[in-house]
Amino acid sequence: MASLTFKGITKRYQGGVTAVSDFNLDVKDKEFIVFVGPSGCGKSTTLRMIAGLEEISDGELYIGDRLVNDVAPKDRDIAMVFQNYALYPHMTVFDNMSFGLKLRKVRKEEIKKKVEEAARILDIEAYLDRRPKALSGGQKQRVALGRAIVREPKVFLLDEPLSNLDAKLRASMRTELTKLHQRLQTTFVYVTHDQVEAMTMATRIVVMKDGLIQQVDTPQNLYDKPTNVFVAGFIGTPQMNFINGTLEKKGESLYFNFSKYSIKLSDEKSQNPDLQDYIGKEVIGGLRPELIHDEPQFLEKYSESCIDAYIEVSELMGAEIYLYLKVDEECNLVSRVSSRTLARQGENFRFALNADLLHIFDKDTEKIISH
């Protein structure tokens, strides 16, 4: 088993394009770490540098205590699972899974034992004599995982392994991967653009943008305490509502003003010294959709932070409904409410904002001022 240490890792391509810049991170042994971000943010490039498939321009990469910048991929004791599975079409499942062990001259009895054990773990014992063309997408993905498992690597690298699967299979494979990690007790480094995958599987998430780390934290902390507007908007479905407004002080209390509304902030926020410098200035308010309430008890509880909005679209999601609200020409919000709501598309309705959990961001830097 192994930890990973990134010290100032940078990747530059010819022509001056920088894909990853000054990447610093410590991945603990047996951790399930997920790199997440939009396409082109550098997450797959970082994974390929761990694998040795991309040269490191600057910085140092350690697997355990070993510097691996100039170590060949085959000698790094890692296993990589690709998006397209990369199976040999002319080989059976058994031969695909055992190929790497045969190259290492492992004894036939040992190979058989390891392949059958991996097949049992992944529930593909019945397919060992089949070829890839006779398998479904989910089965192919299990074979690719099995090929990695039999090598017993120190680190598993997974590059968007579920992106080619349908929604139902993706959900079940997320569960299977989590169970697999718990069973193998190995370090997993996983790349995805899907924040749902990141939130459900990771022990920690690395959010990336334009080759830079934006925040590294647990899924819950990323959701509750984002460090900037980008992270706040990227993590969460539907994404956080962002409202342009100003801060005003009335007596001992702070108010967040937007549109025609003046929303009283909590006593804790009113006393926050970091917010005092922003009184009278433009800021960005951030509020999760589930914190915009339509039920009578919340309208009463948050009576000093109620708004009226026109419901433009209502999306039924089963137990929940997403309401797309128009407050005025410049302010649109999304509310996530119970399917038992009385609010209807095409109507005006009153909503209560939970201002206690309103995030306040700097308008210029987009960094968090107050959670």
Side-chain angles (χ1 to χ4, degrees), residues 167 171 194-196 198-200 207 219-248 254-266 268-269 282-361 363 366 368-371:
D194 185 337
Q195 52 101 6
V196 174
M199 291 290 284
T200 53
V207 183
Q220 194 64 56
N221 279 346
L222 279 179
Y223 192 79
D224 293 336
K225 298 178 179 179
T227 193
N228 57 35
V229 167
F230 175 79
V231 174
F234 194 84
I235 300 296
T237 305
Q239 78 161 36
M240 181 181 282
N241 293 290
F242 296 111
I243 312 164
N244 292 321
T246 57
L247 287 183
E248 180 185 4
L254 280 182
Y255 287 76
F256 177 68
N257 297 333
F258 72 99
S259 186
K260 62 182 180 182
Y261 299 102
S262 187
I263 304 300
K264 185 181 179 182
L265 302 184
S266 65
E268 183 183 354
K269 280 189 169 59
E282 287 189 22
V283 293
I284 300 172
L287 197 64
R288 295 284 180 197
E290 65 269 20
L291 301 177
I292 301 177
H293 302 285
D294 64 328
E295 295 165 304
Q297 65 267 33
F298 290 108
L299 294 172
E300 183 178 344
K301 182 177 179 180
Y302 302 117
S303 58
E304 294 190 78
S305 56
C306 290
I307 63 168
D308 295 301
Y310 177 75
I311 304 167
E312 292 189 302
V313 175
S314 173
E315 289 183 344
L316 177 63
M317 308 300 289
E320 299 174 327
I321 290 180
Y322 299 166
L323 300 176
Y324 293 80
L325 314 176
K326 189 176 190 65
V327 180
D328 61 26
E329 290 303 317
E330 297 182 357
C331 182
N332 295 286
L333 305 174
V334 182
S335 172
R336 190 166 77 190
V337 299
S338 165
S339 59
R340 296 185 299 275
T341 182
L342 299 177
R344 294 290 179 266
Q345 182 174 308
E347 295 180 352
N348 288 296
F349 209 82
R350 174 150 277 218
F351 295 89
L353 311 185
N354 182 349
D356 294 347
L357 298 176
L358 180 75
H359 295 70
I360 307 291
F361 300 93
K363 181 79 183 292
E366 296 193 345
I368 192 71
I369 308 166
S370 172
H371 292 295

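Fair warning: this is a prediction, and the values are worked out from it, not measured in the lab. Residue numbers start at 1 and run along the sequence shown.
- You'll find the side chain of Leu323 reaches within 4.5 Å of the side chain of Ile311, heavy atoms only.
- In this structure, Ala352 and Leu299 approach most closely via the heavy-atom pair N-CD2, 3.7 Å.
- Atom CD of Glu282 has 12 or fewer heavy atoms from other residues, nucleotides or ligands within 6.0 Å.
- For the atom pair Ser266 OG and Glu268 CD, the distance stands at 5.5 Å (nearest 0.5 Å).
- Using cut-offs of 30° and 60° on the angle between ring planes, the pair Tyr261 and Phe258 is tilted.
- Rounding to the nearest 0.5 Å places CG of Asn257 at 12.0 Å from CD1 of Ile243.
- To the nearest 0.5 Å, atoms CZ (Phe361) and CD1 (Ile369) are separated by 9.0 Å.
- For Lys269 (side chain) and His371 (main-chain N/O), a donor-acceptor pair under 3.5 Å exists by modelled atom type.
- Under a 3.5 Å cut-off, the side chain of His359 and the backbone N or O of Asn228 do not form any donor-acceptor pair.
- For the pair Leu247/Leu265, a side-chain contact is recorded, criterion being any heavy-atom separation below 4.5 Å from C-beta on.
- Counting non-hydrogen atoms of neighbouring residues, nucleotides and ligands closer than 6.0 angstrom, the NZ atom of Lys326 exceeds 12 such neighbours.
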Under 3.5 Å, sequence neighbours excluded: what are the donor-acceptor pairs made by side chains of residues 284-294?
| unit_1 | atom_1 | unit_2 | atom_2 | d |
| --- | --- | --- | --- | --- |
| Arg288 | NH1 | Ala232 | O | 3.3 |
| Arg288 | NH1 | Ile235 | O | 2.7 |
| Arg288 | NH2 | Tyr223 | O | 3.0 |
| Arg288 | NH2 | Ile235 | O | 3.3 |
| Glu290 | OE1 | Tyr223 | OH | 3.3 |
| Glu290 | OE2 | Tyr223 | OH | 2.5 |
| Asp294 | OD2 | Thr341 | OG1 | 2.3 |

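- By the 4.5 Å heavy-atom criterion applied to side chains, Leu333 and Cys331 are counted as neighbours.
- A side chain to side chain donor-acceptor pair (under 3.5 Å) check over residues 229-245, counting only residues at least two apart or in different chains, returns the pairs Gln195-Thr237.
- To the nearest 0.5 angstrom, Phe349 atom CZ is 12.0 Å from Ile307 atom CD1.
- Remark: the backbone N or O of Ser314 is paired with a side-chain donor or acceptor of Gln345 at under 3.5 angstrom.
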Stepwise, does the side chain to side chain contact (heavy atoms under 4.5 Å, CB included) test hold for Asp308 with Asn348? CA-CA 7 Å; Asp308 295 301; Asn348 288 296; over 6 Å; no
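- You'll find the side chain of Val283 reaches within 4.5 Å of the side chain of Phe256, heavy atoms only.
- You'll find the side chain of Val207 reaches within 4.5 Å of the side chain of Leu222, heavy atoms only.
- The shortest heavy-atom contact between Ile263 and Ala355 is CG2-CB, 3.6 Å.
- Using modelled atom types, one finds no donor on one side chain facing an acceptor on the other under 3.5 Å when comparing Tyr324 with Asn332.
- For the pair Asp356 and Tyr302, the minimum side-chain heavy-atom distance is below 4.5 Å.
- Around CD of Gln297, the count of heavy atoms belonging to other residues, nucleotides or ligands within 6.0 Å exceeds 12.
- Once rounded to the nearest 0.5 Å, the distance linking CG of Asp194 with OG1 of Thr200 reads 8.0 Å.
- Atom OH of Tyr255 is separated from atom NZ of Lys264 by 5.0 Å, given to the nearest 0.5 angstrom.
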